[in-house]
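Both backbone and side-chain heavy atoms feed into the values below; hydrogens, waters and symmetry mates do not.
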Amino acid sequence: MLTKPISRRSLLGLSAAGAASLMLGGCSETRSDGKTEVEFVSYKREAVSIFEALMAEFNESNDHIYLNFTSPNDAVTIMKTRFVREDYPDVVAIGGDASYADFVDSNILADMTEYPGMAQVQQAYQDIMKSVTYVPMDGIYGVPYIANAAGMLYNKDMFAEKGWDIPETWDEFIALCEEIKAEGEVLPLYLGFLDTWTILSPWNSILVDLVPQDHIRKVNAGEAKFADYYREPAEKLYQLLQYGEEGPFAYSYEDACTAFARGQSAMFPCGSFAVPQILSANPDMNVGLFAMPAADDPEDRLVVSGVDLCWNMTVANEDHRELVYEVIDFLNEPDNLQTYCDDQKAIPCIEGDFTLDPLFDDIQEFLDAGKVIDYPDHSYPSGMACDGRLQAFLMDGDVDAFLENWDSLWQRYNKTVIRKVQEAAQE
């Protein structure tokens with residue numbers, strides 16, 4: 001499916017406490033029934049019912065492994081707490097994001113390069129996983145399982161009824177928004193910017209069309225500033241406010257999903273991960289996803305796609321590597337993976353004859369051509385609260401202050417990463 005990805009580096013180091021010694025063994029243990037327990041801890045609360053069913057199926061059929069698959073609330077925080085206590089699950093199931101980079105940098109995750117099933121993982125997603133770490137790594141420290149995509153969700157039936165074409169440039173997009181606004185029947189967009197993380201979705205999608213793919217590397221290397229790149233993306237993000245709900249900072253992500261599901265807006269700048277929530281409010285809605293048309297040239301459009309879920313074995317449990325591989329093999333079986341994709345509207349990272357949801361019809365050509373890029377915010381330090389910075393900018397609209405503040409805060413919150421990137425470049 002994917003052939004040639006465009007990747008980003010993710011930045012951020014785990015705290016010193018999180019980098020505790022891995023001398024103690026993991027939590028795998030032999031049960032009274034003679035089976036060895038293998039523990040997976042996942043951050044995907046929305047998929048808990050699927051994994052509980054797969055766990056039951058696996059445990060019924062396997063005679064020497066007991067799979068304990070849990071998805072607690074605030075799972076990543078729980079993982080970090082357990083790491084500090086040297087209580088390591090066999091596998092942490094997270095996305096290819098800043099947390100993954102933290103754990104790799106802290107020597108918590110084991111190199112999975114030699115996992116036999118890695119040969120079936122699409123090369124694009126292997127490359128994205130390698131690029132997420134903020135300095136080059138020789139191995140790959142997780143097995144990509146599921147990807148998602150972001151751009152512009154739209155009401156397919158409404159577009160068909162009104163005869164609206166999918167815009168391919170920013171001018172076409174603004175013209176469409178103006179037309180919808182003038183008709184006055186529905187809003188062009190629903191935003192839901194009370195939850196600051198929702199701002200990152202349109203920001204990411206606008207950003208990848210307009211800035212060089214290596215701009216964060218250049219900033220960390222001291223070769224550029226964000227002010228050199230972020231003015232146009234910021235101005236276009238701010239322009240979205242003209243076409244959304246009145247007072248978008250009073251409405252949450254769930255509010256936006258529900259309003260879009262009820263036909264109150266024609267579009268919703270978000271990603272495939274929102275569709276299950278939307279369909280819970282309107283199971284019959286026909287939702288599509290098109291690439292954000294932020295550029296002036298249609299050929300400059302890209303789709304933001306990252307690894308949404310990967311299997312990451314902890315170093316402390318490498319003695320059970322073969323048992324972990326056996327569980328991953330089961331989870332990666334085509335029928336099990338297809339079930340997950342159908343339920344969660346997801347993109348498989350594994351090669352195979354999978355059926356994608358019609359949601360992805362309008363970005364299939366981007367997936368096939370490898371015109372995808374990892375989420376830029378995966379490279380943002382969590383301490384900087386970049387989503388909150390974007391919300392503050394949208395509230396006051398001062399682009400100059402936003403750019404100056406972003407560069408200043410980046411240097412403050414990213415010192416360790418900048419130092420490591422520059423040291424790696426010297427080496």
Stepwise salt bridge (charged side-chain N to carboxylate O under 4.0 Å, His left out) test for Lys80 and Asp102: CA-CA 10 Å; Lys80 291 180 179 180; Asp102 292 350; 3.7 Å; yes
Rounded to the nearest 0.5 Å, what separates atom [atom1] in [X] from atom [atom2] in [Y]?
| X | Y | atom1 | atom2 | result |
| --- | --- | --- | --- | --- |
| Lys345 | Phe360 | NZ | CZ | 9.0 Å |
| Ile146 | Tyr340 | CD1 | OH | 6.0 Å |
| Ser280 | Glu46 | OG | CD | 12.0 Å |
| Lys181 | Glu178 | NZ | CD | 6.0 Å |
| Met152 | Ser201 | CE | OG | 9.0 Å |
| Leu331 | Thr339 | CG | OG1 | 11.5 Å |

Sub-4.5 Å side-chain heavy-atom contact between [X] and [Y]:
| X | Y | result |
| --- | --- | --- |
| Asn73 | Arg45 | yes |
| Leu237 | Leu207 | no |
| Thr198 | Leu191 | no |
| Lys218 | Tyr229 | yes |
| Pro233 | Val211 | yes |
| Phe173 | Leu240 | yes |
| Asp377 | Cys386 | no |
| Asn220 | Gln422 | no |

Derivation and outcome, side chain to side chain contact (heavy atoms under 4.5 Å, CB included), residues Arg301 and Lys371: CA-CA 8 Å; Arg301 290 174 299 158; Lys371 295 184 68 174; 5.5 Å; no
Give me the ring orientation class for [X] and [Y]: parallel if the planes are under 30° apart, tilted from 30 to 60°, perpendicular past 60°.
| X | Y | result |
| --- | --- | --- |
| Trp410 | Tyr380 | perpendicular |
| Tyr238 | Phe393 | tilted |
| Phe273 | Trp197 | tilted |

Within the side chain of [X], is there an N or O that forms a donor-acceptor pair under 3.5 Å with the backbone of [Y]?
| X | Y | value |
| --- | --- | --- |
| Lys236 | Ile206 | no |
| Asn155 | Gly263 | no |
| Glu245 | Gly192 | yes |
| His378 | Gly96 | yes |
| Arg82 | Met79 | no |
| Asn312 | Cys310 | yes |
| Ser131 | Ile128 | yes |
| Gln126 | Val121 | yes |
| Asp209 | Leu302 | yes |
| Ser42 | Ser71 | no |

For residues [X] and [Y], report the shortest heavy-atom separation together with the two atoms involved.
| X | Y | answer |
| --- | --- | --- |
| Val41 | Pro72 | CG1-CD, 3.9 Å |
| Ala261 | Met285 | CA-SD, 3.5 Å |
| Glu39 | Asp90 | N-OD2, 2.8 Å |
| Ser305 | Asn148 | OG-O, 2.8 Å |
| Tyr253 | Cys270 | CE1-SG, 4.1 Å |
| Pro167 | Pro293 | O-CB, 3.6 Å |

Step-by-step side chain to side chain contact (heavy atoms under 4.5 Å, CB included) determination, Thr355 to Asp342: CA-CA 8 Å; Thr355 301; Asp342 291 344; 5.5 Å; no
Asn282 and Phe260: CA distance, side-chain angles, deciding distance, side chain to side chain contact (heavy atoms under 4.5 Å, CB included) verdict: CA-CA 9 Å; Asn282 181 3; Phe260 177 61; over 6 Å; no
What do you reckon, is [atom1] of [X] surrounded by more than 12 foreign heavy atoms closer than 6.0 Å?
| X | atom1 | value |
| --- | --- | --- |
| Lys225 | NZ | no |
| Arg262 | CZ | no |
| Asp74 | CG | yes |
| Gln338 | CD | yes |
| Glu404 | CD | no |

Check this for me, if you would: do [X] and [Y] make a salt bridge, where the nitrogen-to-carboxylate-oxygen distance has to be below 4.0 angstrom?
| X | Y | result |
| --- | --- | --- |
| Lys162 | Glu179 | no |
| Lys420 | Asp105 | yes |
| Arg321 | Glu114 | no |

Pair Phe83 and Phe103, ring centroids less than 6.0 Å apart: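 Yes: the rings meet the under 6.0 Å criterion.
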May I ask you to check whether [X] and [Y] show a side-chain donor-acceptor distance below 3.5 Å?
| X | Y | answer |
| --- | --- | --- |
| Thr113 | Asp111 | yes |
| Ser252 | Asp255 | yes |
| Tyr141 | Asn107 | no |
| Thr314 | Asn317 | yes |

Working for salt bridge (charged side-chain N to carboxylate O under 4.0 Å, His left out), residues Glu223 and Arg217: CA-CA 9 Å; Glu223 300 171 4; Arg217 181 198 63 78; 3.8 Å; yes
For Tyr230, all residues meeting ring-ring contact (aromatic ring centres under 6.0 Å, His included), sequence neighbours excluded: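 Residues passing ring-ring contact (aromatic ring centres under 6.0 Å, His included) with Tyr230: Trp203, His215, Phe226, Trp406.
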Test side-chain contact (heavy atoms from CB on, under 4.5 Å) applied to Phe51 and Phe69, Phe40, Phe58, the passing residue: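 Exactly one pass, corresponding to Phe69.
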Worked verdict on Leu176 versus Met267 for side chain to side chain contact (heavy atoms under 4.5 Å, CB included): CA-CA 11 Å; Leu176 174 60; Met267 295 172 284; 4.2 Å; yes
Sequence neighbours excluded - ring-ring contact (aromatic ring centres under 6.0 Å, His included) pairs with any residue from residues 285-309: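 Listed once each, the pairs are Tyr154-Phe290.
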